[in-house]
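In what follows, every heavy atom counts, from backbone to side chain, and hydrogens, waters and symmetry copies are set aside. As the structure is a prediction and not an experimental result, all values here were calculated from the model.
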Amino acid sequence: MNERAFLSQKQAPSVRASIAALVIASILPVASVAAALIVNFYAKERAQLIASSVQQARNIITAVDRDFDGVQLALQALATSRALRENDLGNFYPRAADMVDKLHADSIVLLDTDGTMLLSTRRPWGAPLPRLPKAPLLARILASGAPGVSDVFTGPITRQPVFSVAVPVKRDGAVAMTLNAAITPRHLQRLISEQQLPASWRASVIDTQGQIATRSHEVEKYAGRRLTAEQRRQLEGPADASFETTTFDGIDVFVISSRSPRTGWSALLGIPRQELTAGLRATLAWLVAATVAALAIGLGLAWLIGGRIASSIHALIPAARAVGEAGGLPMPPLHFREADELGAALHQAASDMRRARALTRESEQRLALAAEAAQLGIWIRDLRRQEIWISEQWRRLFGFADAQRVTLADLLARVHPDDRGAVRRTLDKAMRGAPRYEMEYRIVLPDGELRWIGSHGSVERAPDGGPALVRGVSLNITKRKLAELEVQQHQKEVTHLARVAMLGELSGALAHELNQPLTAILSNAQAARRYLARPAPPLDELGEIVDDIIAEDQRAGDIIQRLRRLFSKHEVPRQALDLRPLVGDVLRLLRNDLINHAVTVEASLGEAALPVRGDPVQLQQVLINLLMNACDAMAATPPGERRITLRAQAAGADTVRLSVADRGGGIPDETLARIFDPFYTTKQRGMGLGLSICRNILTAHEGLLWAENQAGGGACFHLCLPRAAAAPA
Ligand code: ADP
């Protein structure tokens, strides 16, 4: 994969982005937890504030109740004054006026049961007084006979909002009049002030109708104003309540109210909402500001540090690219110890690579020199890309022009047609299994020159097991091959000459053998002539004589045929043959010689065929040689004991064995290893080539020949041959 493809495959974030993400991931959770803690803290604070405010509201309404009680007591005391009892209102007036000051009331009013104003300290005694249009409190007192407190109403004289505390004045147990103390909102405001509430808070006292009886701020402006329906509805529930609303002077407040069970009046405490949340908001604002500042600093540092790391890495890229190049590494100033260490490692890698390259170059040169000296052609075949790389030496060896592209087909075309199949088979086999192979084949160069090539190759496999690459060397083995062929040729000639020499030794016996049929033919012919000289020649007899002559002639012909085959220099191709008839042929050929040596042969060849593949003439030569050696070895053996035992048998499933044992003196142990050496002989007229040639013949037949001494005396020669698939008919 090239660099660009690698980069486009992985879109990794930059160092700066990664550090920025780290900063954000570190700061934001801490800030969130801090925010949660702050909110929680303020929620508790607020709950505490509300709880303490409820108490303050209760205090206000209790103070109001107490104030009303005080007024009631004072009025009750006034109601028992003598002047009133005696209906002397003129004298009562100064007492009442005196009480106004004591009670800090607006006025004291005496009302008749029908609401007629009998006396009001607001007007001088005797001045005409208005009549009260409505007097709900009066009705209540008349009904209950108990003191009471009115709701806020507009004073008939002052036209200002007031409310009154009234007690009944009884005559003979019945309510005859009511004595009222008119109290102004300003008077009640005092009770709120005593609570010393924060200046920003709004407090008010509300009557049963939801009208403002007094207020901490701007009491004149708002006294008597009725709360909105929604506000009144909020107050309807339990004695202590809380809700959010907007005051008449336009402040958003959190309201805490407490209602008196006696009068039904309520004290309302309005805490500006802004005040409740201001601390929280301010703290949260600080937190946000601190978080933003921390993020800004963190991100700034991320930008700075990330930039320096990135610039160090970028600065190392040209150095990394230049690792494989020849010159020195460009090493810029770096900002980090790790980057310095990486730079040092790149330096090291560059110098290691240079050294490795130098070594590779040197070994390549050495290899090239060796290849040149040994005339080795090197080739590499890339099976995946279907490409062949060849060295110059190889090109020259196979006779390809300099720039010519060479394919496997071109190579096979050079191979000698007789060897092409074998070459192809070897290559195919190497692809399928064995990793290494060796082969020798001929090539025909464009100018017709024949060249022997020795090739060694090895197959390299891909991770999937399939063949990927074949490497190998080829060398010119023409000289060696020609020398080998020459040696083979000489060996053949020597083998033949030895055979001829061997047969020369046999010729006396052979002449004798030929003599027999010739003598028989002669005597038969003479007999025939005699029969023919008769006047009536016996035709039957003559016929038999002619048959005899023909048979004897065939026998002589057979002998001559066998001899001719042995003398022939003509090569007999390898063929499948049975060893048993071959042994029979040899024994027939040697019959006279054996008789001359007074040697008997015991042959046990078994019933089954002994199929082998071979050259029958060469195998006969081996057998004759062994038999003649056995005869020679028994020269000193008494004639009656000269016996050769011939045994043929199958040795295992794949081998056929033939043994020739004699009753001679055996072979001394120290010479046992040397008898197969060429020219080793113990005989006066011996050449010492027989056994050496026999072993060569066996080796060429992929067989073995060896000797051993027998326990009972005499030597035994063993001959092994691979068993052939089928015996000849
Ligand atoms: P040559 O018969 O000309 O000597 P060979 O190669 O046939 O050559 O034999 C080499 C030597 O092996 C012989 O000279 C002989 O000493 C020894 N030799 C071969 N066959 C026998 C045998 N059957 N018994 C004892 N010695 C043998």
How long is the span from the [atom1] atom in [X] to the [atom2] atom in [Y], to the nearest 0.5 Å?
X: Glu338; Y: Ile313; atom1: CD; atom2: CD1; value: 10.5 Å
X: Leu118; Y: Asp112; atom1: CG; atom2: CG; value: 4.5 Å
X: Leu301; Y: Arg308; atom1: CG; atom2: CZ; value: 11.0 Å
X: Phe243; Y: Ser257; atom1: CZ; atom2: OG; value: 6.0 Å
X: Thr360; Y: Leu367; atom1: OG1; atom2: CG; value: 12.0 Å
X: Ser204; Y: Phe248; atom1: OG; atom2: CZ; value: 8.5 Å

side-chain hydrogen bond (donor to acceptor under 3.5 Å, both in side chains) partners for Ser107, two or more places apart: none

Do the side-chain N and O atoms of [X] and [Y] include a donor-acceptor pair separated by under 3.5 angstrom?
X: Gln76; Y: Gln72; value: no
X: His187; Y: Asp67; value: yes
X: Gln231; Y: Thr245; value: yes
X: Asp252; Y: Thr246; value: yes

Could you pull out the closest heavy-atom pair between [X] and [Y], with the gap in Å?
X: Ala79; Y: Val169; result: CB-CG2, 4.0 Å
X: Ala57; Y: Leu269; result: N-CD1, 3.7 Å
X: Ile256; Y: Ser53; result: CD1-CB, 3.3 Å
X: Thr113; Y: Leu138; result: O-CD2, 3.3 Å
X: Ala213; Y: Pro185; result: O-CB, 3.0 Å

Evaluation steps, side-chain hydrogen bond (donor to acceptor under 3.5 Å, both in side chains), between Ser258 and Asp240: CA-CA 5 Å; Ser258 183; Asp240 294 336; 3.0 Å; yes

NZ/NE/NH1/NH2 to OD/OE distance under 4.0 Å, [X] and [Y]:
X: Arg215; Y: Asp249; result: yes
X: Arg186; Y: Glu220; result: yes
X: Glu230; Y: Arg233; result: yes

Polar side-chain atom of [X] near backbone of [Y] as donor-acceptor pair, under 3.5 Å:
X: Arg123; Y: Ala127; value: no
X: Thr121; Y: Ala97; value: no
X: Thr178; Y: Pro168; value: no
X: Glu86; Y: Ala83; value: no
X: Ser312; Y: Leu334; value: no
X: His347; Y: Gly343; value: no
X: Arg202; Y: Thr247; value: no
X: Ser81; Y: Ala77; value: no
X: Ser216; Y: Ala203; value: yes
X: Asp207; Y: Gln211; value: yes

Worked verdict on Arg140 versus Leu137 for side-chain contact (heavy atoms from CB on, under 4.5 Å): CA-CA 5 Å; Arg140 231 167 51 223; Leu137 175 61; 3.4 Å; yes

Verify the neighbour count for atom [atom1] of [X]: are there more than 12 heavy atoms of other residues, nucleotides or ligands below 6.0 Å?
X: Trp389; atom1: CH2; result: yes
X: Arg95; atom1: CZ; result: no
X: Gln274; atom1: CD; result: no

Test salt bridge (Lys or Arg N to Asp or Glu O under 4.0 Å) applied to Glu236 and Arg232, step by step: CA-CA 7 Å; Glu236 273 167 11; Arg232 291 202 306 272; over 6 Å; no

Test item: [X] and [Y] side chains (from C-beta on) under 4.5 Å apart, heavy atoms:
X: Leu84; Y: Leu89; result: yes
X: Ser164; Y: Phe153; result: yes
X: Ile380; Y: Val470; result: no
X: Ile108; Y: Arg122; result: no
X: Ile60; Y: Val205; result: yes
X: Ile206; Y: Leu268; result: yes
X: Val64; Y: Ser260; result: no
X: Met99; Y: Val71; result: no

Trp201: partners by ring pair (Phe, Tyr, Trp, His ring centres under 6.0 Å), with sequence neighbours left out: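 Partners of Trp201 by the ring pair (Phe, Tyr, Trp, His ring centres under 6.0 Å) criterion come out as none, since no residue qualifies.
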
Residues in ring pair (Phe, Tyr, Trp, His ring centres under 6.0 Å) contact with Phe68, at least two apart in sequence or another chain: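 Ring pair (Phe, Tyr, Trp, His ring centres under 6.0 Å) check on Phe68 returns Phe163, Trp265.
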
Any residue meeting side-chain contact (heavy atoms from CB on, under 4.5 Å) with Ala462, in chain and number order, not counting sequence neighbours: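 Ala462 satisfies side-chain contact (heavy atoms from CB on, under 4.5 Å) with Arg384, Asp464, Ala468 only.
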
Qualifying residue for side chain to side chain contact (heavy atoms under 4.5 Å, CB included) with Val167, from Val175, Leu75, Asn180, Leu78: Leu75

Passing option when Thr184 is tested against Thr158, Val219, Asp106 for side chain to side chain contact (heavy atoms under 4.5 Å, CB included):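 Answer to the side chain to side chain contact (heavy atoms under 4.5 Å, CB included) test with Thr184 among Thr158, Val219, Asp106: Asp106.
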
Steps toward side-chain contact (heavy atoms from CB on, under 4.5 Å) verdict (Ile212, Val152): CA-CA 8 Å; Ile212 292 173; Val152 178; over 6 Å; no

Residues in salt bridge (charged side-chain N to carboxylate O under 4.0 Å, His left out) contact with Arg355, at least two apart in sequence or another chain: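 For Arg355, the residues satisfying salt bridge (charged side-chain N to carboxylate O under 4.0 Å, His left out) (neighbours in sequence not counted) are Asp352.
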
Criterion side-chain contact (heavy atoms from CB on, under 4.5 Å) on Asn59 and Gln55, from CA distance to verdict: CA-CA 6 Å; Asn59 290 347; Gln55 193 51 50; 3.4 Å; yes

side-chain contact (heavy atoms from CB on, under 4.5 Å) assessment of Leu111 paired with Met117: CA-CA 5 Å; Leu111 284 181; Met117 214 181 269; 4.0 Å; yes

I'd like a table of donor-acceptor pairs (distance under 3.5 Å, sequence neighbours excluded) in which one partner is a side-chain atom from residues 36-49, with atom names and distances.
unit_1, atom_1, unit_2, atom_2, d
Tyr42, OH, Gly279, O, 3.3
Tyr42, OH, Thr283, OG1, 2.9

